[in-house]
Structures are given as structure tokens and as C-alpha cells.
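Chain letters run A, B, ... following the sequence lines, proteins first and then strands; every chain starts at 1. Here the structure is a predicted model, which is why all the values come from computation and not from measurement.
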Amino acid sequence: MEKEYNFREAESRWYECWEDSGCFLRSENPEGKSYTIVIPPPNVTGVLHMGHLLNNTLQDVLIRRARQDGYCAFWQAGTDHAGISLQVVVEKKLRKEGVDPNALSREEFLEHAYRWRDMHGNIILNQLKHLGVSCDFSKKVHTLDAAYARTVLTGFVEFFRKGLIYRGRRMVNWCPKSQTALSDEEVLMQMRKGKLYRMRYEIVEDPGSFIEISTTRPETIPGDVAVAIHPDDPRYRHIIGKHARRPFPEMEIPIIGDAVVLRDFGTGALKITPAHDSVDFAVAQRHGLAIIDVITADGHMNERTGPELCGLTREDAREKAVQMLQERGLLLAAEDYEHSVGISERSGVPIEPRLSEQWFLRYPCIELAKEAVRNGIIQFFPRRWEKTYLHWLDNIQDWCISRQLLWGHRIPVWYRRGCERLNPANLHVSVEGPADPENWEQDEDVLDTWFSSAFWPLGTLGWPDQDAMARHHFDFFYPTATLVTGPDIIFFWVARMIIMSLAFLKGDLEQTVPFRTVYFTGIIRDAQGRKMSKSLGNSPEPLDLIDTYGADGVRFGLLSIAPEGQDVLFDSARMEQGRNFCTKLWNACRFRFLQGKLEKAQAPAPEHISVEDEAILQGLSDLTEYQESAFRKYEFHSAVQRMEKFFRDDYCDWYVEVCKIRMRLDESKRAHILNFQDIILRHYLQLLHPFTPFITQELWCTMGYDDQEKFIQNVPLQRAEQLKQIANISEDNIAIVMELRESVAAIRAHKSSLGLASQTQLRAYYHSENRENAIKKHFPILCSLCGFEELIATKSLRGRPATLTPWGTFAVDVPNNTDHGQERARLQREIETLERNIATSEAKLNDENFLSNAPEKVISGAKILLGENRSKLIKTREVLESLRGIQK
RNA sequence: GGGCAGCUAGCUCAGCGGUUAGAGCAACCGGUUUACAUCCGGUAGGUCGUAGGUUCGAAUCCUAUGCUGCCCACCA
């Protein structure tokens, strides 16, 4: 066994071996129970970032543990075609090469896009492999695969046939940069600084009198078709029905009354621009007003705006319009104003509400989708996201699913060539397309990428093709067990997957939901709590981290700082801690390894089991039980911390140290002692395996625990109850070990406060009232761990610096010139604390109210404590008193 | 405007009605008995955001309130 663990070498070696041996392939034992996870398909345009690291570590932890627990585990791999982002990437690349993407035909552009995808599409999955992810890559699905595309198109066609998908000319969120419609979810509301302009329009019927209007968008004046005021507003009521003079292009527009107008905002009068504002659009519909579109698809003013504005960008037009108002004496004020503006999530520019012809989905199964979560058929961790989810469903609007892009699933709708598209008789909707394609032309648009991802758990398992579903064992692997994702896509993805699945599968909710549990991770932030972003440059390179700390170290570190659903403040010190822990594990195993070869693992005979063995077994069993509950509650962060604490404090620093002494004392017990160490280590490696798969696999083999099964992930994990069967654990013995540990700790602290290292060899004295036997029995261990070259029982410890332990008072023989100042101060503090606590207890026990109201258990607990503290106080005073006789 | 989190040791967090509020990191003191200095032993450090209330008892429950972050929302 090497002195140092070479994680780089071991990790690449084992990953290759796992893949070659088919370790990650789903198993299909029809007798078994399934445990399925679908990977949130990373964008083919994406590069590995910290979020992927956390997300995929968690999934890997779950799936590996599921294998250990005997499930037929299946982790579906795949990638997303990434709609708009891929198109942007390819367009950029083409421009760089001097090709104008707009000059290309659809087919030419798609050819470039497919080529780009084929070259770069698997990069991110390959990067993930460095983390140790155990997905079944042989079943990899890409959202544009032919089979998956059939899933998506079938969904569309079915919805269309049910009348849930319809085409309509409606107000949509238009992104002038990427020139496509967006769903409401793709629009981010951001506070932007701007100006609120107050201006006045002359009232046509009353020349010389004006109505004052507030607006943030004077450039849309040419699109105004009315001025609206609240019908009950006494200031304006009388002018309803009259007309205002729109300044440019000059036109008389009606003054109307509508209750949407807020009387106390601005001037209480609202200009109505139906083509560029959804509220205004609704007003126009109600009042039968014309709609004047004044902004082009790419965000410029069109010819209807008049010669001064036509051709300007929205931003330039605003300035120009303000100037024009000023020139006409119509601008009254321009106040600084901060208001929220819709921003395109992808391109970062303000979206333009725009009237256009789009495809919409009227969401089905909304009530069912709510019920599934409300009734716990789908469980959210942390639970609080339920509210967010339900609130969204309560306020859900139809989904604009068409995108004016080339890259994606083309909408499976054909129009009869040369005929009126609006006439339903001229429509063909099907997955295969019309039988006489020469007479038809297909809709130009593609589907929103999220529309296709919504089918992920269905499509990856072959739905709706019966043969494919049989091949993929749909009935066995569906529903999936756990979805691990971020709460930022709860609407984009999680809710929509639920809706699609419920809409298309028949049966009980338990069978039709896409997953039984959703675990929402937090967002990884930098040490200052800022989001990680390219522009800030605060995001570490994941592959560098893996190279520095090892995949195991990174995984362990990430898990230890990722509490359930809370944001994670990234700190590379944690990765370092993870790596150090792996080193510690290596060294501890190496120590065992150097003691001699593993004998065939055997059940230990009762007479060979020491109290320390019992105690460590109890600790391991407790740890196992804790892990079981941590996995149920998705509390990996404390699970990992407990794993480390047990190993360092209980196993290495206590148990192994005791074992060393025991082996030194009695060479004949050596084999039994080592055998027990193997029992502990073997189980511990298994318990740790989901978190740090590489090093545990490596040690599994190195230590020779692979005699039955080479791959640790396939070895059934014993439960806490089974572990306890190994030895007859007595509570008394556990208590003795506890006392021994506490005594050693107290003596070491005592020595330390005398300025002595814990291993400095000294003569020591003790006085014990009722633990003589225990001390005698553990004499060598006690002496060795405390650094006593001699330990002498005595009646009086007077004149020697002493300390209290559960086993009695211990005094060390120190040189005459030892400084006891520190020790005296320590004892003094101890006495003060005890006095304070005794006073508190006494007050409590003298309180009638406490005695009559508190439960018996609490009262007796308080009495016991008081008694203990009183006797401790007496002894501590004695110890301090004994020091008074000493000079220094 | 509505909602959801968080506020506990210098930092990151645990504890969510019952003894004297814990851990890791950082700090400080001390340590090479051959598994490990990527380590070991020890020490110090907190009126639990603020103010009220309920209770024998509150970090924990209730009511206000202050910051911090996030989500939703058609005030132009």
C-alpha cells in the first residue's frame, strides 16, 4: 500500500473500470424495486459550473446509496438542445467567420447548428465524469433525438386535438434582440432608473384647456389611440367622451373611462398604446379601439411614427419624443423615476410587449397538479417551495410556446399552400406531416425549449411508443424517485413536467406523477454571498478544483457546506478539508494494512470483544442509523459532518489509539483486535461510499474487503440493527468507556494547563471513591493515554495539583518550580461556574410553581444535577485548597 | 403591493419548549512515542437582530418591529 494516496491516478483508473464493467448500467431485475433519477439535462452549450457540481454530486450520492440498498437503480443521462442559446452561439460563430446568419436558408443554418452540437454537445457530460457521476450513459438522450422529438411532437398534437393548443394574435413578450416571443417566465422584472414624464394634451372640444398625462414611454405616443381616466374621478369625469389632441403624428383621440386607471398615480390619466402594453391592449379590447403598431420586430420605430422618429431605436426615439414635446410646449416635467422593467432573461434587453401571431397552450390538469403536491404524493424538500408552486398554479396564464427561431422542434402544423392560414380547414396537424407535402408548407416557428423538457421523464423512457416503453421498462422505472434541481426552475421545468405527465398518463396519481420527491438545492455563491458569474470572475473552475482536491475532496467539501435547500457560500477551504479527510482515511486504513494481512473476515467470539470494541460498534451503529434518517430527510450536510466526526474523534483518535495499547499489552490478542478493526472499517467505507466513491472503492480493494464483491457499491449495506448483532453490547460497558474517555480528556486538559504536553511522562496519584475496579481494569490504557509512567493510589492528594474526573481525583507529580497560576485560575473559574449553576438549580427547586408544574422527569433531573454539582464543588474546592500550599 | 427565507462565537452553520446554547473553520497555547504535521492534545470566545407577550421555564411559541436576500405582481 502506497504511503500517499494518488487521487488523480486512482480516480481516472476507477472511473474507467466502472464504465468498462457496466457498473452504471441500469439493472432490470423484475423482482426488484426501482430507483430512478433523471438528470436535469445540461444545455449542450453549457460549460460545467459550480451548480452542476453540487447538483450532480447529490444525485450521485442518492443513486449510489440506492444501489447499496439493493434497488434497481437507473440514472438517466442526457442533454438539452438549449434552443435560443445554441442559436445565439452558432450565429456568433458564423459572424466571426464572416458569414451572415440571416443570409442562410433554414436548412443551411441548421446544418451549421447540428455540426456545432455534434462537436460540442457532449463536452459537459464528459466533464461531469471527472466528478464520478454514475449515470447510465448508454441510455443517453438528447432532446433533439428523433425518438425524443416524437415524444414532444406527440404531446403537441394530442394537446391540439384536445383543443388545448391554439393559435392567436395576442400580446406577447417580444425580445427585440433575439426577435422572438418569450413566455412570461422568461421575462425578469428588474428595477431600472428612468424618468416619469408629465405632459399635456389639448382637449379638442375645449381649445386652450388640457389634460395632463404621465408616462415613462413618450416614444410610444404615435401608437396612442385614447386617453383613459377612471370613470369615477371627479376631476375628469366631465370630459369622458371628448377628445384629446395627440401631438405626433397629430390626431384626435377619444377620452375614455376605464376602471383600471389608478386615480392616485401620476396625474390620474393614462395614455392608451394598445400595441405596446398589455394593460392598454386590454383597455383597447374593451372599448373597441384601433391598434397601432409603431415598433418593428427589431426594436426600431416604424413608418407610422412620422419622419422625425421613423427608423430610430426605442431609446433614441424616447429622447427625440421628449424634445418634440418640449418644442410644442407640452412637456411639464421629467422626474427621476425608478420602476420595474421587463428584461429578456436570455439577451438582457428590455422586452417589448408586442401583438403577434403565436401558439399557446392552455395548461391542463392544474387542479390535479396542485393536488399531487398538496397531498404529498410529490414531496418537496424543503417543504416551503410548495407554496411557491401552488401560488404559480393559482395564477397561471396560457403559455406562449412558439418561438421565432430555427433551432428546436419545429411546430408540427402545416398550412395548405396558397390558402388562407387562418381557416382551420387549411390546417394539418400531425407528427408525421401531410401525405402530400408538396401541397403544404410547415409553420416556421419552433417550440419553446421548456416545452420539450417538460416531457423529460416520459420521453426518456420511450413514451408514447409502446415498443420503446417496453424496451425501456417504462412501467418498472416510472415514476422516478427523486428529482434534484434548483428552485429557480420550479415553474420552467418542475411544474410543467408534473402537468405533462398528469395530462398524458392514465391512472392513480401515485403512478402518473413524474417523480415522488423533488429536492431543491441552494445556489452556490462566493464567500461574500454574491452569485457566481462570469462577469464578476468569482467562479472557480470546477475541473481545476477536482484536479487540486480530487473529486472526492470536492464532493465531500461541497456536501458539508450545502445544508438542505439553502444557498451555499463557496469556500475552497472546505474542499481542502474534504481532501484532508480523504488523506486521513487513507492513513488510517494504511495503519491497519501495515499491521498484517486481513484474515478471512469472521464473526468475533464474545470472549474476544473488549468494552472499547463494544463502544465503537455502538457508535458505528448510531452513525448508520443517523445516515438512514439523513437520507430520508435529505440532510446530507449533517450526514457528512457526522461521518467525519465519527472517524476522526471516535475511530482514529480514540479507538485505534486504544487498540495500539491493547496490542502492545498482549500480542496474542492481535488477530482479534485487527479483525474487529476490519469489521468497523469495512462498514464505514460502505457508509461513506456514496459521498466519496473513488477512495472508498480504492480502499475496498486495497484492504482486501473485495473478497466477495469487487465493486463496493454493489455490496448490501447492513442496517444499524444488524450491526448491533455482531456483539452483545452492554450499556454499562458503554458507560465505562465514556467515563474513561472523559477522564483521559480531563487529565490531558489538566496537564495542558500546567504547561505540560499530554504525552509528557510523569508519576501520578489518584484517589477514587467507587471506581477503583475500573481504574485497575483499564490501568495500562489510562496510563498510556495520559502519559503516566506510574499511577499510585493515595488517600490524600494534598500539596499536588489535581483534577476531577468521572473516575476520581487525579494528581500529577510535577517539578517544584512548576507555575500553578494558570491551573489555579482555571479551578477558580470552574468553582464560580459551579456556584452559579448551583444557585440557579436551588432557586428552581425552591420555586413552588416549578415544582407543581414541571414534569417529574425535569424535576428529578434538576435534583440529580444539583447533587452532582454540589459534590463537584466540594471536590474542586479541595483541589484548589491543596494548591494553596504550593509556592508558585 | 403581496409572499418566502435568514438574522445564534471573528466566519459558516447546528440547535426549534426543559438541565450550564453546540460544531467546523479562523485565533491562541502546547506537541515528531514509526498510520497521518493534509496530523495530535488543549484554551479562549455568544445578554441567540430589537421590543413586548404566553409559560414554572423561551434561542426555541405568539405579536409587533428592524435590517439582509430571494420570489411573485398590469402604478402608466
Side-chain angles (χ1 to χ4, degrees), chain A residues 1 3-5 189 196-197 213-217 228 260-262 264-273 277-283 337 339-340 353 382 384-385 387-388 391-392 395 487-488 490-491 523 525 527 529 553 560-561 563 565-569 571 573-574 576-577 579-595 637-638 641-642 644-645 648 652-653 656-657 660 744-745 748-753 755-761 784 787 822 826 833-834 836-837 840-841 844 847-855 857-859 861-862 864-866 869:
Chain A
M1 188 171 181
K3 188 163 164 58
E4 274 176 37
Y5 174 51
M189 298 309 283
L196 183 61
Y197 301 96
I213 301 166
S214 298
T215 184
T216 53
R217 300 200 61 191
V260 287
V261 182
L262 300 170
D264 51 1
F265 183 86
T267 61
L270 172 65
K271 71 190 203 57
I272 302 299
T273 322
D277 185 286
S278 54
V279 178
D280 294 8
F281 181 77
V283 173
Y337 185 59
H339 62 305
S340 64
R384 69 189 133 89
W385 294 109
K387 260 192 183 167
T388 310
H391 181 256
W392 184 74
N395 296 286
D488 50 332
I490 190 165
F491 312 136
I523 297 169
R525 299 169 177 281
S560 75
I561 51 174
Q566 284 202 42
D567 287 356
V568 180
L569 300 194
D571 187 351
R574 296 312 199 110
E576 194 180 336
Q577 211 180 321
R579 185 197 55 190
N580 293 353
F581 173 67
C582 291
T583 308
K584 181 77 181 171
L585 181 69
W586 181 263
N587 283 317
C589 287
R590 184 164 168 270
F591 173 73
R592 163 63 196 85
F593 182 86
L594 295 175
Q595 299 305 310
H637 128 100
S638 50
Q641 286 178 2
R642 257 212 62 179
E644 178 168 5
K645 199 170 165 48
R648 286 182 183 276
C652 293
D653 297 336
V656 172
E657 291 309 314
K660 284 181 187 172
V744 169
R748 284 173 171 175
H750 176 59
K751 287 177 77 173
S752 183
S753 79
L756 300 165
S758 56
Q759 61 271 61
T760 310
Q761 295 296 306
S784 178
Q822 239 188 16
R826 188 178 76 85
T833 306
L834 284 169
R836 216 170 26 242
N837 294 338
T840 309
S841 297
K844 207 183 243 183
D847 185 345
E848 274 306 317
N849 281 325
F850 175 70
L851 293 174
S852 54
N853 286 305
K857 216 171 68 188
V858 174
I859 296 172
I864 291 168
L865 183 72
L866 178 61
N869 280 341

Any donor-acceptor pair under 3.5 Å linking the side chain of A/D277 with the backbone of A/D280? yes
In whole angstrom, what separates A/F591's CZ from B/C36's P? 10 Å
Among the candidates B/A14, B/C40, B/A5, find the nucleotide nearest to the side-chain atoms of A/H637. B/A14
Measuring only the P atom in each nucleotide, how far is B/A51 from B/A58? A whole number of Å is fine. 15 Å
Side-chain donor/acceptor contact of A/N869 with base of B/U20 under 3.5 Å: yes
NA contact type, A/P855, heavy-atom cut-off 4.0 Å: base, sugar-phosphate, or nothing? base
Rounded to whole angstrom, note down the C1' distance from B/G17 over to B/G1. 36 Å
Measure from CE on A/M1 to P on B/U34 and round the result to the nearest Å. 19 Å
Quick one: A/R590 CZ to B/U38 P, roughly how many Å, whole number? 15 Å
Once you apply a heavy-atom cut-off of 4.0 Å, does A/D847 come out as touching a base, just sugar-phosphate, or nothing? sugar-phosphate
Contact class for A/T840 (heavy atom, under 4.0 Å): base, sugar-phosphate, or nothing? sugar-phosphate
Closest nucleotide among B/A23, B/U12, B/A35 to the A/L569 side chain: B/U12
If you only use heavy atoms from C-beta on, which nucleotide in B/U19, B/G41, B/C4 is closest to the side chain of A/K844? B/U19
base_contact_polar (B/A5 base, A/K387 side chain, donor-acceptor, <3.5 Å): no
Separation of B/C56 P from A/L851 CG (nearest whole Å): 13 Å
Nearest to the side chain of A/T583, which nucleotide is it out of B/U38, B/G41, B/G42? B/U38
Would you classify A/C652 as touching base, sugar-phosphate or nothing, given that sugar-phosphate means primed atoms plus P, OP1 and OP2, and contacts are heavy atoms under 4.0 Å? base
Tell me whether A/H637 contacts the main-chain N or O of A/I561 through its side chain, where contact means a donor paired with an acceptor under 3.5 Å. no
Hey, does the side-chain of A/K584 have a donor or acceptor N/O within less than 3.5 Å of a partner on the base of B/C36? yes
Compare side-chain N and O positions of A/N849 against OP1 and OP2 of B/U55 and report whether any pair is under 4.0 Å apart. no
Stems formed with participation of RNA chain B [Watson-Crick or G-U wobble, under 3.5 Å, three or more pairs]: B:1-7 with B:66-72, B:10-13 with B:22-25, B:27-31 with B:39-43, B:49-53 with B:61-65
A/K751 NZ to B/U43 P, straight-line distance once rounded to whole Å: 14 Å
Is the backbone of A/L756 close enough, under 3.5 Å, to the side chain of A/T760 for a donor and an acceptor to pair up by distance? no
With distance as the sole criterion, is a donor-acceptor pair present between the side chains of A/S753 and A/K751 under 3.5 Å? no
Which residues pass the salt bridge (Lys or Arg N to Asp or Glu O under 4.0 Å) test with A/R525, not counting sequence neighbours? A/D567
Pairwise N/O distances under 3.5 Å, protein to nucleotides 25-33 of chain B:
from  : atom 1 : to     : atom 2 : distance (Å)
B/G31 : O2'    : A/Q759 : NE2    : 2.9

Name all residues meeting the side chain to side chain contact (heavy atoms under 4.5 Å, CB included) criterion together with A/D847; count only those two or more places apart in sequence or in a different chain, and write none if there are none. A/N849, A/F850
Nearest-Å distance for atom pair CH2/P, residues A/W586 and B/U38: 18 Å
More 5' along RNA chain B: A/V744 or A/L594, using each one's nearest nucleotide? A/L594
How many whole angstroms separate atom CZ of A/R836 from atom P of B/U20? 11 Å
For B/C56, take OP1 and OP2 only and decide whether either is under 4.0 Å from a side-chain N or O of A/N853. yes
My understanding is that only residues two or more places apart in sequence, or in another chain, count here; which of them pass side chain to side chain contact (heavy atoms under 4.5 Å, CB included) with A/K660? A/F591, A/V656, A/E657, A/R664
In whole angstrom, what separates A/I864's CD1 from B/U20's P? 14 Å
Presence of A/R648 side-chain N/O under 4.0 Å of B/C40 phosphate oxygens OP1/OP2: yes
Table of protein N/O atoms under 3.5 Å from nucleotides 69-76 of chain B N/O atoms:
from  : atom 1 : to     : atom 2 : distance (Å)
B/A76 : OP2    : A/Y337 : OH     : 2.3
B/A76 : O3'    : A/T216 : OG1    : 2.9
B/A76 : N6     : A/L262 : O      : 2.7
B/A76 : N1     : A/L262 : N      : 3.1

